[in-house]
There are 2 protein chains.
Amino acid sequence: MSSDTTLPWSDLKMSARIVAAAFKRFARNGFAAATIREIAADAGVSAALVIHHFGSKDGLRRECNRRVVDFLRDKGRPDASAAERLDAVFVQYGSYATRAVAEDSEESRELFDVLLGMARAVVAEGAESGSLRGSSDPDAQAMALLVLGLTPFAFSAHLTRWADAGLDAAMARLAVPIAEIYTRGLVTDSGLLDAAMGVRGER
Amino acid sequence: MSSDTTLPWSDLKMSARIVAAAFKRFARNGFAAATIREIAADAGVSAALVIHHFGSKDGLRRECNRRVVDFLRDKGRPDASAAERLDAVFVQYGSYATRAVAEDSEESRELFDVLLGMARAVVAEGAESGSLRGSSDPDAQAMALLVLGLTPFAFSAHLTRWADAGLDAAMARLAVPIAEIYTRGLVTDSGLLDAAMGVRGER
DNA sequence: GTGGTGTCTGAACTCATGTTCAGTAATCTA
DNA sequence: TAGATTACTGAACATGAGTTCAGACACCAC
């Protein structure tokens, strides 16, 4: 059971504070630009302690990734649908996960693959229940669902600047046109789809 | 007139080779992780020459951003529609532009704002011609159009791995379900849209 | 108390990186 | 041709970052 990052700061053990600070810095600045000294300062500890607990900067990232994967596979609520789980990950770890998979392809493949597997489950679920329109390429549909879902987090800085509001409010405003697209489509003729199918040589 | 990166390598001046190498490294590794020595090695020159031409690593990035903006505003084809221009930027500089705006919010705001302005023009164009469905929030629709268009580049490494093919082929495959969504929508009921509108307190 | 284990720190070490600098070759101008 | 400007390089410098290390402090078993 991973500790919830919404718990009061003072209740967290030092190692948990470090992880929480790492999530924030990695999400905001990216792995390469974030420094151990920054993270340590945010957590109120020394840089040496970070190494003591996690071995290295890479070990700290592994711990962060592990927590996201654990959260996604959380056995605590086996009744949750795939869509609910994926959505919960977006809400809880969206900014971090987006940065993590976007930045370092070598070490974040497992994280991405786990997310993609969950997206596949969402597509299968939706096809069965009829809540999602089927695609000619369900596997690609799952990929599209995942990357489109991660999108807002990838540009969160510009989003908040554009909306002149916090991330939540900005995402809420962006959610409207995206929901419109998901519900009614965006283009009015089949030219785009024909072109996309044509490139693949399909009919 | 900015030089085309598709020109033969041997035809490029040294400074153009450096810029081309910088585009590649910045796109692949991000600004922070890319090093001047790597870029110089790719271009076949010394690291000192990079500084000589562009003053600093930041100056090199500014030059890259400038070329993208110039390309977008290219006066060479005033007849091109906003949609065609935006699409051309995605094709030519998608990977770089996505990294640039995702990574450093401070220095890439202008680039993002230029792209967003072009996306607004695309929405206005589509509304006038009737090729795009109107939104209750056209400004947010432009933002959605932009970020959804940039997103696939943010995960290009995973895309190519998933498709087991080059980036072009992977994007072509991903384009099908995205075109399906843009044409027919994805969800079959209005629950998602109602929820998105509800959060904003609209009807 | 005593030894041991785990937590935590400041200082130092090592290495990579952006940058500077002196100097050399090439190119341009008159 | 002569001078000046530009292109270019290798070596060195300064800084920052990840990591190591010896030791201090706290807690626990015996």
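These values consider heavy atoms only, across backbone and side chains, with no hydrogens, waters or symmetry-generated copies. Chain letters run A, B, ... following the sequence lines, proteins first, then strands; residues in each count from 1.
Taking atom CD1 on A/Ile39 and atom P on D/dG16, their separation rounds to 18 Å, with Å as the unit. A straight line from CZ of A/Phe54 to C1' of C/dT7 spans 13 Å, rounded to a whole angstrom. The separation between A/Ile51 atom CD1 and C/dC13 atom C1' is 14 Å, rounded to whole Å. Protein atom NZ of B/Lys57 is 15 Å distant from nucleotide atom P of C/dA16, rounded to whole Å. Distance B/Leu49 CG to D/dA11 P: 17 Å, rounded to the nearest Å. Rounded to whole Å, the distance from NE2 on B/His53 to C1' on C/dT19 is 16 Å. Rounded to a whole Å, the NZ atom of A/Lys13 is 15 Å from the P atom of D/dC27. Atom CD1 in A/Ile18 sits roughly 14 Å away from atom P in D/dG18 (whole-Å rounding).
When the nucleotides C/dG18, D/dC8, C/dT9 are ranked by their closest atom to the side chain of B/Met14, D/dC8 comes out on top.
Rounding to the nearest 0.5 angstrom, the gap separating the CE atom in A/Met143 from the CG atom in A/Leu115 is 10.5 Å. Distance check, rounded to the nearest 0.5 Å: CD of B/Glu103 to CD of A/Glu103 gives 6.5 Å.
Ranked by how close their nearest DNA chain C nucleotide is to the 5' end, A/His52 and A/Arg37 are led by A/His52. Where A/Ala48 and A/Glu38 meet DNA chain D, the nucleotide closest to each residue was compared, and A/Glu38 sits on the side nearer the 5' end.
Across all strands, B/Ala33 comes closer than 4.0 Å to no nucleic acid atom at all (heavy-atom distances).
For the pair B/Asp58 and B/Arg61, the salt-bridge criterion is met [side-chain N within less than 4.0 Å of a carboxylate O]. Of the charged side-chain nitrogens involved, at least one lies within less than 4.0 Å of a carboxylate oxygen, so that A/Arg161 and B/Asp113 count as a salt-bridged pair.
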